[in-house]
Amino acid sequence: MDSNASVNKKFVPDISSELRQDIVKSPDVIKNASGIRLFGKRIKSIIYTMDVAVIANSNADAVLAVYPWTPNTKILSAISTVSNVPILAGIGGGLTKGLRSATIGSFAEENGAQAVVLNAPAKTETILSVEHVVDIPIIYTVVNDSINVKERIDAGVDAFNVAGGKNTAKLVRWLRREVADINPHFPIIASGGKTSEQIQETIDAGANAITFTAYGVTESTFQKKMEIYRRDHQ
């Protein structure tokens with residue numbers, strides 16, 4: 001067998017352009033995750049940001065559009081306009097709940113979101129309200145081990161999103177044990193952490209897909225370009 005042919009099968013050529021070189025890249029270690037299939041599309045890396053400029057210039061497989069204020073339909077519309085990948089849209093779960101979450105969920109689906117995300121405080125009543133009006137998956141964010149996992153799944157949750165800070169990997173392991181008797185392949189998304197080692201630990205714990213943040217990337221990229229412009233035009 002030609003050794004060059006073997007090497008070529010493993011090497012992935014990179015095609016870009018001069019104006020689009022500075023894309024926000026997901027950490028390479030996320031490739032080790034199994035991924036989840038969302039309407040046939042395999043998703044491993046999910047960027048967690050509300051910055052439309054970052055969303056439009058990222059190589060992530062999906063966008064986690066969740067923020068700490070009550071969901072706003074105009075914000076979702078803006079993200080839908082620029083995103084070329086599936087959007088996992090936050091629809092509340094804490095102060096925003098029940099019928100309001102369901103209404104926003106319906107809007108999210110109509111505007112192209114491929115899944116909706118409910119925050120950890122969401123009760124089964126809110127999950128059921130959303131389940132009755134949307135035909136896209138419901139993702140439930142887990143922040144500790146105090147929830148009744150089976151109860152959430154029975155109410156309509158299709159996947160879990162673990163956001164446990166420094167305890168994320170530990171929480172993923174607990175969650176994977178909790179779903180073992182229900183569905184050993186139940187989809188789990190989780191925040192990976194700041195280092196490759198932390199991300200790999202989360203994957204090894206049982207996460208199928210990883211969220212990563214892009215805090216400050218717009219500012220830092222702009223600063224670097226401005227430094228180049230200043231140097232080249234002195």
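Just so you know, residue 1 is the first one in the sequence shown, and it goes up from there. Fair warning: this is a prediction, and the values are worked out from it, not measured in the lab.
- Inspection of the T211 and S191 side chains reveals no N or O donor paired with an N or O acceptor under 3.5 Å.
- Note on V143 and V157: separate hydrophobic clusters, where clusters join Ile, Leu, Val, Met, Phe, Trp and Tyr whose side-chain heavy atoms are under 4.5 Å apart, directly or indirectly.
- Looking at V162 and I189, their side chains never come closer than 4.5 Å, going by heavy atoms from C-beta outward.
- Ionic pairing of E201 and R173 is present here: one or more N-O contacts between side-chain nitrogen and carboxylate oxygen are shorter than 4.0 angstrom.
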Side chains of residues 79-87: which donor-acceptor partners sit under 3.5 Å, not counting sequence neighbours?
unit_1 : atom_1 : unit_2 : atom_2 : d
S80    : OG     : L76    : O      : 2.9
S80    : OG     : N111   : O      : 3.1
T81    : OG1    : S77    : O      : 2.9
S83    : OG     : V85    : N      : 3.2
S83    : OG     : V85    : O      : 2.8

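- In this structure, CD1 in I91 is found 7.0 Å from CD1 in I138, a value given to the nearest 0.5 Å.
- Closest of all the heavy-atom pairs between V66 and M50 is N-SD, 3.8 Å.
- Side chain of T168 to backbone of G165: a donor-acceptor contact under 3.5 angstrom is found.
- L99 and L95 are members of different hydrophobic clusters when ILVMFWY side chains are connected at heavy-atom separations under 4.5 Å.
- Contact check for F107 versus P71: no side-chain heavy atoms found under the 4.5 Å cut-off.
- The aromatic rings of Y140 and F160 sit perpendicular to each other, their planes meeting at more than 60°, with 30° as the lower class boundary.
- In this structure, I23 and S58 have side chains that are not in contact, with every pair of non-hydrogen atoms separated by 4.5 Å or more.
- Between the OG1 atom in T70 and the CZ atom in R100 there is a gap of 4.0 Å [rounded to 0.5 Å].
- Outside the 6.0 Å centre-distance limit, the rings of Y48 and F212 are not counted as a close aromatic pair.
- The main-chain N or O of N148 is never found under 3.5 Å from a side-chain atom of E151 such that the two would form a donor-acceptor pair.
- Distance check: Q114 CD to L88 CG gives 8.5 Å after rounding to the nearest 0.5 Å.
- Counting only N and O atoms by type, the side chains of N208 and R176 include a donor and acceptor under 3.5 Å apart.
- If you check the side chains of S146 and N144, you find a donor sitting under 3.5 Å from an acceptor.
- Distance NZ/K150 to CG/D181: 11.0 Å, rounded to 0.5 Å.
- Side chain of K44 to backbone of A33: a donor-acceptor contact under 3.5 angstrom is found.
- Note: I30 CD1 to I203 CD1 = 7.0 Å, rounded to the nearest 0.5 Å.
- At least one donor-acceptor pair under 3.5 Å links the side chain of T202 to the backbone N or O of Q198.
- Hydrophobic cluster membership differs between L128 and I182, with clusters built from Ile, Leu, Val, Met, Phe, Trp and Tyr side chains linked at under 4.5 angstrom.
- We find the CG-OG distance between L64 and S45 to be 12.0 Å, quoted to the nearest 0.5 Å.
- Between T141 and N119, the side chains place no donor N or O within less than 3.5 Å of an acceptor N or O (distance only, hydrogens not considered).
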